[in-house]
Protein chains: 2
Amino acid sequence: MYIEIDFDSEEAYYMQLRNRIIEGIATGRIIEGEALPSVRKMSEDIGINMHTVNKAYTLLKDEGFVKVDRRRGAVVSVDSDHILDINRLKKELNITIAGASCKGISRDELITIVDEILKEYGGEV
Amino acid sequence: MYIEIDFDSEEAYYMQLRNRIIEGIATGRIIEGEALPSVRKMSEDIGINMHTVNKAYTLLKDEGFVKVDRRRGAVVSVDSDHILDINRLKKELNITIAGASCKGISRDELITIVDEILKEYGGEV
DNA sequence: GCGGCTGTTATATATTCTATATAACAGCCG
DNA sequence: CGGCTGTTATATAGAATATATAACAGCCGC
């Protein structure tokens, strides 16, 4: 589990960690059923506080990417509530696409970018 | 210019205002060349502090949605640097799509959502 | 020039968020 | 029991957010 935190970034550490883990799951680098390093080990590995790691894990749990097992710790387990997921996605994409539309980015360009990103993540099983 | 701030939202006021204005430009409710209400008037209209409005206007200026004219105030003037815009868009979409991919949302569903949103904003001139 | 309108800047204050630190607790396993 | 989980509690520091009051510089119409 190689994760790096950019200490110069303006993005919160716990958010960076959460994002790297989601990316890891999406690329298949981290797989369903795999246990994340314990909050203490992860905090040592990447050089941030234990509570900051815990905050990221708790967020991932709340967002349905991880389940907590008393013994094994935070285990990757993606919980999909399709309708809810779709609605959240719409909200997230709304402003981004509004801005892109103002800037004159075309539908084709948008789709191209989506496909580019999906090439990284959609990785056919 | 009817804009409402959700005081119960966890989203920062200045960010809400910035987003409502971008949506307004995207839908055509606010048009290129139009002056936004002065920071003082806007702050009265929507019930937040003048400095918070100023922060939103300054952000919109930095993001290239608005230019400041000494007399007329903040005037809608979208500045497009296509390559830069595309790169910013990629970054913004990256995590969102990674999460969607984890949740099993298909390419078709993604495109459908993008098109739904574009129907609001892409509004053929 | 004066009054009135712009955005902008300066100070100060309160609250919340982020991050760290130290410490302890409950649960489970070998 | 010792060692590993996540979790909680408390305290502290700094940054971000939001408000308040006040003032400044620039430009217009009168």
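Across all strands, B:Arg72 comes closer than 4.0 Å to no nucleic acid atom at all (heavy-atom distances). A:Lys41 comes within contact range of no nucleotide atom at all, as no heavy-atom separation falls under 4.0 Å. Across all strands shown, A:Lys67 has no heavy atoms under 4.0 Å from either base or sugar-phosphate atoms.
Under the ring pair (Phe, Tyr, Trp, His ring centres under 6.0 Å) criterion, B:Phe7 pairs with B:Tyr13, not counting sequence neighbours.
If you check D:dA18, C:dG7, D:dT5 against the side chain of B:Ser38, the one that comes closest is C:dG7.
Looking at heavy atoms from C-beta onward, A:Leu60 lies out of side-chain contact with A:Leu17 at the 4.5 angstrom threshold. Looking only at side-chain heavy atoms (C-beta outward), B:Asn49 and B:Ser43 stay at 4.5 Å or farther from each other.
Residue A:Asn54 has a polar side-chain atom (N or O) positioned under 4.0 Å from OP1 or OP2 of D:dT7. OP1 and OP2 of D:dT17 both lie 4.0 Å or more from every side-chain N or O belonging to B:Thr52. Side-chain N/O atoms of A:Lys55 include none lying less than 4.0 angstrom from OP1 or OP2 on C:dA19. Between B:Tyr14 and D:dA18, a side-chain N or O to OP1/OP2 separation shorter than 4.0 Å is absent.
Along DNA chain C, the nucleotide closest to A:Glu11 and the one closest to A:Met50 are compared, and the more 5′ of them pairs with A:Glu11. Each of A:Thr58 and B:Ile48 has a nearest nucleotide on DNA chain D; the 5'-most of these lies closest to A:Thr58.
The base of D:dT17 does not come close enough to the side chain of B:His51 for any donor and acceptor atom to sit less than 3.5 Å apart. A donor-acceptor contact under 3.5 Å is formed by the side chain of B:Arg40 with the base of C:dT8.
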Item checked: Dot-bracket notation for DNA chain C, counting Watson-Crick and G-U pairs under 3.5 Å, with | for partners on another strand -> ||||||||||||||||||||||||||||||

